[in-house]
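Not measured: the values here are computed from a predicted model. This chain uses plain numbering: 1 for the first residue, then up along the sequence.
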Amino acid sequence: MSLKLNPVEAVACCSPLAREPLSEPEAEAVAPLLKALADPVRLRLMSMVASHEGGEACVCDLNDAFDLSQPTISHHLKILHEAGLLDREKRGVWVYYRARTEALQNLAALIGGHAL
């Protein structure tokens, strides 16, 4: 029986790219994570949340950095959350996002060639 990993789990268990080639299932499991980051808006959002004071950011903190509507920003944040790159917590009317640093570290190790 094959165990299906989510993209974050797949990245965590893969050897660095420079060490050995990814298998087809590993590549298919990791690709959604990379696709989530491949959009310039999402890449900026990820950077803004990860570097925000206190390690988390509210949607209200992110809207002004873009010439996009709040629903569009929320949609991009949802994609990052569903990929496993962000955690979120609703507080009153606002949603706060926190970067999943372990996911970013594992992705860096995969691409950069350093095992954690």
Side-chain angles (χ1 to χ4, degrees):
M1 175 166 74
S2 169
L3 181 63
K4 180 141 172 78
L5 300 175
N6 68 44
V8 173
E9 293 167 335
V11 169
C13 73
C14 292
S15 293
L17 296 178
R19 185 176 304 151
E20 64 183 63
L22 291 175
S23 68
E24 186 175 340
E26 288 171 332
E28 287 177 6
V30 172
L33 195 66
L34 296 172
K35 285 180 184 179
L37 288 172
D39 181 277
V41 171
R42 290 193 291 270
L43 188 57
R44 283 188 62 212
L45 283 167
M46 189 72 220
S47 174
M48 292 171 72
V49 171
S51 65
H52 200 269
E53 186 178 332
E56 69 177 10
C58 174
V59 174
C60 59
D61 298 325
L62 305 170
N63 284 335
D64 292 342
F66 299 91
D67 189 23
L68 298 169
S69 69
Q70 186 272 324
T72 299
I73 298 297
S74 291
H75 172 73
H76 284 293
L77 289 165
K78 178 182 175 188
I79 290 171
L80 291 167
H81 170 72
E82 288 176 347
L85 292 165
L86 293 176
D87 286 326
R88 69 180 175 193
E89 179 183 340
K90 187 170 172 82
R91 297 182 202 152
V93 297
W94 295 109
V95 178
Y96 288 78
Y97 290 88
R98 178 176 294 280
R100 294 192 60 203
T101 53
E102 72 279 3
L104 295 175
Q105 290 168 348
N106 290 337
L107 187 58
L110 174 72
I111 294 170
H114 304 290
L116 293 178

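Remark: side-chain polar atoms of D61 are paired, donor with acceptor, to backbone N or O of C58 under 3.5 angstrom.
Annotation: side chain of L77 is in contact with side chain of L62 (closest heavy-atom distance under 4.5 Å). Counting heavy atoms from C-beta on, the side chains of F66 and R44 come closer than 4.5 Å.
The distance from atom CG of L80 to atom CG of L85, rounded to the nearest 0.5 Å, is 6.0 Å. A distance of 15.5 Å separates CZ in R88 from CH2 in W94, rounded to the nearest 0.5 Å. From I79, atom CD1 reaches atom CG of L86 across 11.5 Å, with rounding to the nearest 0.5 Å. Taking NE2 of H75 as the reference point, atom OG of S69 lies at 10.5 Å (rounded to 0.5 Å). Within the model, atoms CG of L107 and CD of E102 stand 12.0 Å from one another, a figure rounded to the nearest 0.5 Å.
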Just list the side-chain donor-acceptor pairs under 3.5 Å for residues 45-56, sequence neighbours left out, or say none.
unit_1, atom_1, unit_2, atom_2, d
S51, OG, S47, O, 2.7
H52, ND1, E56, O, 2.8
E56, OE1, R91, NH2, 2.9
E56, OE1, R98, NH2, 3.4
E56, OE2, R91, NH1, 3.0
E56, OE2, R91, NH2, 3.0

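Shortest non-hydrogen contact noted between E28 and P32 is O-CD, 3.2 Å.
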